[in-house]
Amino acid sequence: MNNRETGSRYETLVAERLQENGYHILEQNYRCKVGEIDLIARDGGYLVFIEVKYRGTGRKGFAADAVTVKKQRKICRVADYYMKQQGLFGDMSVRFDVAAVDGGDIHLLKDAFSYTGTVRF
C-alpha cells in the first residue's frame with residue numbers, strides 16, 4: 001500500500017470510530033485551493049476539524065508530533081475557507097482535534113490546538 005492508500009484507510013477507520021462516539025461526519029478528505037483537512041464533523045455544538053496522523057512504529061516519533069505549528073496554520077486556513085464556503089462564520093463553536101494512530105491504537109486529542117490564523121476571506 002502506498003502512503004495515500006494507507007492514510008485513506010486510517011481516515012476511514014477513525015471516521016467510523018468517531019461516529020460510534022457520537023460525531024456526525026460531514027466531510028472526509030476535504031480538499032480546496034488552500035489545502036486539505038482529513039475529516040470535518042459535528043460533535044455536539046462544535047464544528048470539528050480533525051487531522052488524522054498515522055505512525056506504524058515509533059521510528060519517526062509519535063503520530064501527534066507530526067501536527068506541527070506549520071501544519072496547524074494550514075489546517076486553520078482550510079477551516080476558514082470551508083466555513084466561508086458553507087456560510088458558517090459566527091454560527092457555531094469550532095474545535096481542532098487530532099486523531100493519532102500509533103501502531104494499532106487510536107488516540108483522539110480533543111481541542112489539540114487553538115486557531116492560529118486570521119480570517120482571510
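Starting from 1, each residue takes its place in the sequence as its number.
Atom CG of Leu108 and atom CD1 of Ile50 lie 7.0 Å apart (nearest 0.5 Å). Interatomic distance, CZ of Arg73 versus CZ of Phe113, reported as 11.5 Å (0.5 Å rounding). If you take CD on Glu11 and NZ on Lys53, they are separated by 9.5 Å, rounding to the nearest 0.5 Å. Remark: Leu88 CG to Leu47 CG distance equals 6.0 Å, nearest 0.5 Å.
In terms of heavy atoms, Gln28 sits closest to Ala15 at OE1-CB, 4.0 Å. The shortest non-hydrogen separation linking Ser114 to Cys76 is O-SG, 4.3 Å. Taking all atoms of both residues into account, the shortest heavy-atom contact from Ala66 to Lys71 is O-CB, 4.5 Å. Across Ala79 and Ile37, no two heavy atoms sit closer than the pair N-CD1, 3.7 Å. Closest non-hydrogen pair, Val52 versus Asp38, comes out as N-OD2, 2.7 Å. Closest of all the heavy-atom pairs between Leu109 and Ala64 is CD1-CB, 3.6 Å.
Here the side chains of Val94 and Met83 are in contact, with some heavy-atom distance below 4.5 Å. Side chains of Leu39 and Tyr23 form no contact here, defined as non-hydrogen atoms less than 4.5 Å apart. Side-chain contact check for Arg9 versus Tyr54: every heavy-atom pair is 4.5 Å or farther apart. When side chains are defined from C-beta on, Asn21 does not count as touching Asp43, because their heavy atoms never get closer than 4.5 Å. At least one side-chain heavy atom of Ile40 sits under 4.5 Å from a side-chain heavy atom of Tyr82. Taking the side chain as every heavy atom from C-beta outward, Asn29 and Glu36 approach each other to under 4.5 Å. Taking the side chain as every heavy atom from C-beta outward, Val67 and Phe96 never approach each other to under 4.5 Å.
Counted by atom type alone, Tyr115 and Asp80 present one or more donor-acceptor pairs between their side chains at under 3.5 Å.
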For side chain to side chain donor-acceptor pair (under 3.5 Å), just list the numbers for Tyr46 and Asp97, CA-CA rounded to whole Å, side-chain angles, deciding distance to a tenth of an Å, and then say yes or no. CA-CA 11 Å; Tyr46 286 93; Asp97 292 357; over 6 Å; no
